[in-house]
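Positions are given from 1, in the same order as the sequence printed here. Owing to the predicted nature of the structure, the values given are computational and were not obtained by experimental measurement. Side chains are part of it too, since the values below use all heavy atoms of this structure and drop only hydrogens, waters and symmetry mates.
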Amino acid sequence: MPLCVNLCSGGPIADMEQVQQNDPVNLETEPWLQSPASERMKSEEEDKPTERKLTSILVLAAMTAGFGSSFQYGYNVFVINYAAEFIKSFYNETYRWRNHISIDHSLLLFQWGLTVSFFPVGGMVGSLLVARLADNCGRKRTLQVNNILAIISAVLMGCSRAVHSFEFIIFSRLVIGICAGISFSVVPMYLTEIAPENLRGAIAITGHFFIIFGSLMARIFGLDKLLGTQEGWPFLLSLTGVPALFQLIFLPFFPESPRYLLIQRHDEKAAREALVKLRGCDNVEDEIEELHEEDLSEELEKDMDIFSMYHFDDIWNHLVSAVVLMGGQQLTGINAASYYMEILYMSMGLEKKIVGYISITIYIVLMFITLLVIRFADSSGHRNLLLSGLGICSITCVLLAMAIELQKTIWWMSYVSSSFVTLFLIGQSIGPDPVPVVIVAELFLQSSRSTAFMAGGCVHWFCKFVIGVVFLQMEIHIEPYSFLLFWPLCVAILIYAFKQIPETSGQNFLDIRRTEAIQMTRTLLLMQISED
C-alpha cells in the first residue's frame, strides 16, 4: 500500500516530503538529495548497464535457427499448392496400380484433404510437446532433435513415388507439421533468450524473416521451369530436409540459452560461458546478476502449468494475451488475402505464369518489409508495430471486400483490389505476423514462458486448421464478403492490443514485470478510490 500511495499522490516529491516529515534528513550529508534533478538523472543513467552490441555469433545463431527451423513453416505451407495437381495424379495412378481401376473422385478429395489438413494438425501436436521438450531438453537441443523429424519427412516424400505409396506423403505431412509446430514456438523462445534486451525484438523477428523466405523459396522452386513438374515434384517436397540437415550440422557450434542454463538448470558456469560467447566480451556480470534476480523473483512460477496459472491473475491475463495474439495471426484475414492474391492478378488479364512471377516479387517485397521491421523493431516499439500492422489490416479488409465486388462491373477496379491485397500483406508483415511471438516471450518469465508458447501455439495452429477447412466452403457462398467476416475479428484484436498489451521493447524481463505490477497496483487503487 505505501507504494500505491506514493505512485498516486505525487511520486518522488511527495515521497521526499514524507521522508523529511517522518525522518528528517540532513541535506548537507546527503549530496544525492541536494543535487539538481538533471544531475540525479545523469547518475541514474550511469548506473544503467551499457547497451550490448550486435555480435557475429549472435547473428549467425539467429540465422542458423531461423533457416533450419522457421523455414520449415513457410516452405511447407505453400509448397503443397505447387505440387497439388501432380500429387492428385499420383494418388490416382497408385490406386489404379493397386486395384486396376481409377480412384473414385470423392475418395481422391478425401485423400487430398488429409494431405492438406494433416500439416496444421501436426502443428497442434507439435505445440502440445513444446513445454515438455523445451524445459527438459533445452531450447537448442529441442531444435536439434526437431531436425530429425524434418529429415524423416523429406525422405518419405522423396521415396513416395518410387515405392508407389501415397500413404508416405500423407504421413510425412503430419510429421513435418509436428516439426513446424515445435519450431514455431521454440525458435522465438531461443532467440529472445540469447539476445540482449536492446536487440531482443530484432533478433526474435529473424525467425519470421525465414518464414517469409521459406514461402518465397516454395514459390521459386515450384515454377514449372524448376521443380514444379511431373518429374520434379518429389524433389520439390523433399527439399525441406536441406535446411534441417544444415541446422543439425551447425547449430551445435552455438551456445544454449543462458537463461535456461542458469534459471532452469542452475548451471551458472555454463550460463556465463554462453553469455561471454554471445556478447563477445568477458564483462557479463550485470546479466548474470539479472538472471539470479529473475530466478529468485519467479519462485512461485516454477513448474507451473496452465491450470496453475489460473490462480495468478497477472499471469493468467498474460496467458490470455498470448492466446489472443498468436491465434489472431490467423484471424486477421491472411488466409483470404493469400487465396485471392493470384486470383486478383489474373483478373487483370495476366497469364498464370506472369502471375507466378508477380507473386514471387511480392514476397521479395515482404522480405524487405520484414528487414525494415527488424531494423526498427526495438527503437519504434513492439506494441507500436503491432498496432500499426493491425490498423492497416483492419482498414484494407473493408476496402478489399468493396473493391473485389465492384470489379465485377468496373474493369479498372481489379488494379485497385490488387493494390489493396498487397497492402494487406504488408500490414500483416509489419505487425500481426512477426510481433506477437516477441511480446509473448517478453510477458513471461523463464519458467512459465514455454507453457505460454504451448498454449498460444496450439491456438494458432487450431485457428489455421479451422480456417483452412471452412474458408473455401465459405468463399463459395459469400465470395469477397468473407473479408467482412474477418474484419470484426481484426478490429477486436486491435482494440484488445491497444488496451491490454504494454510496451515491452528495451526492458529486461524483470523490468517488464515490475512495470506491469506498478500499473496494476495504480489501476486497482484508482478503482478503489472511485468506489469510495
Side-chain angles (χ1 to χ4, degrees), residues 71-126 146-181 214-215 217-245 338-339 342 352-353 356 461 464-466 468-473 476:
F71 180 93
Q72 306 292 354
Y73 187 125
Y75 187 83
N76 287 285
V77 163
F78 291 102
V79 73
I80 199 70
N81 298 327
Y82 294 94
E85 295 302 320
F86 307 120
I87 293 176
K88 291 177 183 178
S89 176
F90 169 68
Y91 286 176
N92 187 31
E93 292 173 5
T94 303
Y95 190 87
R96 188 185 302 117
W97 179 76
R98 293 178 180 179
N99 302 285
H100 307 291
I101 58 173
S102 296
I103 191 171
D104 183 72
H105 182 66
S106 60
L107 179 58
L108 177 62
L109 290 180
F110 174 73
Q111 291 177 344
W112 176 247
L114 290 179
T115 305
V116 175
S117 61
F118 265 23
F119 181 70
V121 169
M124 283 188 282
V125 175
N146 198 33
N147 291 320
I148 298 175
L149 294 178
I151 294 172
I152 291 173
S153 175
V155 172
L156 291 176
M157 289 180 178
C159 297
S160 58
R161 188 171 63 177
V163 298
H164 303 285
S165 175
F166 57 79
E167 293 88 353
F168 274 18
I169 295 179
I170 297 174
F171 180 69
S172 66
R173 288 288 291 176
L174 178 65
V175 173
I176 196 62
I178 296 173
C179 172
S215 303
M217 289 297 102
R219 284 171 163 79
I220 291 176
F221 288 121
L223 294 174
D224 55 9
K225 292 184 179 180
L226 294 176
L227 296 177
T229 63
Q230 184 67 41
E231 298 297 324
W233 68 265
F235 301 100
L236 178 66
L237 296 179
S238 62
L239 277 179
T240 188
V242 175
L245 185 61
S338 299
Y339 172 79
E342 295 190 0
K352 188 173 181 179
K353 290 183 179 181
W461 287 98
K464 191 174 190 67
F465 170 75
V466 171
V469 171
V470 172
F471 174 73
L472 290 179
Q473 298 299 322
I476 293 173

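Contact check for L227 versus L239: side-chain heavy atoms found under the 4.5 Å cut-off. Residues Y91 and I169 have side chains in contact (heavy-atom distance under 4.5 Å, counting atoms from C-beta outward). Side-chain atoms of R98 and F166, non-hydrogen and from C-beta on, do get closer than 4.5 Å to each other. Residues V77 and K464 are in side-chain contact: their nearest non-hydrogen atoms beyond the backbone lie under 4.5 Å apart. Side-chain contact between I80 and W112: present, with at least one pair of heavy atoms (C-beta onward) separated by less than 4.5 Å.
T229 and E231 form no side-chain donor-acceptor contact under 3.5 Å, judged by distance and modelled atom types alone.
For F465, there are no ring pair (Phe, Tyr, Trp, His ring centres under 6.0 Å) partners at least two apart in sequence or on another chain.
Contact detail for C179 and L149: the closest heavy-atom pair is CB-CB, 4.0 Å. Nearest heavy atom pair, residue L156 against residue S172, reads CB-CB, 3.8 Å. Residues F71 and M217 share a closest heavy-atom pair of CE1-CG, 3.8 Å. In terms of heavy atoms, R161 sits closest to Q230 at NH1-O, 2.7 Å. The minimum heavy-atom distance linking I151 with A244 is given by the pair CG1-CB, 4.0 Å. Closest of all the heavy-atom pairs between V175 and S153 is CG1-CB, 4.1 Å.
Residue I103 holds its CD1 atom at 11.5 Å from NZ of K88, rounded to the nearest 0.5 Å. Note: M157 CE to W233 CH2 = 9.5 Å, rounded to the nearest 0.5 Å. Note that the CD atom of E167 and the CD atom of Q111 stand 7.5 Å from one another [nearest 0.5 Å]. Considering OH of Y82 and CG of L223, their distance stands at 7.5 Å, rounded to 0.5 Å. One finds the OG1 atom of T240 at 11.5 Å from the CG atom of L245 (value rounded to the nearest 0.5 Å). To the nearest 0.5 Å, atoms OG (S160) and CD1 (I170) are separated by 10.5 Å.
Taking the six-membered ring for Trp and thresholds of 30 and 60 degrees, F119 and Y73 have ring planes more than 60 degrees apart, a perpendicular arrangement. The aromatic rings of H164 and W97 lie parallel to each other, their planes meeting at an angle below 30°, with 60° marking the opposite boundary.
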Begin from the C-alpha positions of I101 and Y95 and carry the test side-chain contact (heavy atoms from CB on, under 4.5 Å) through to its verdict. CA-CA 7 Å; I101 58 173; Y95 190 87; 3.9 Å; yes

side-chain contact (heavy atoms from CB on, under 4.5 Å) assessment of L236 paired with Y75: CA-CA 10 Å; L236 178 66; Y75 187 83; 3.6 Å; yes

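Side chain of R173 to main chain of N76: a donor-acceptor pair is present (N/O by atom type, distance under 3.5 Å, no hydrogens or angles).
Judged by the 6.0 Å distance and 45° axis criteria, R219 is positioned over the aromatic ring of F78.
Of the candidates V121, T115, L114, V121 is the only one forming a side-chain contact (heavy atoms from CB on, under 4.5 Å) with L174.
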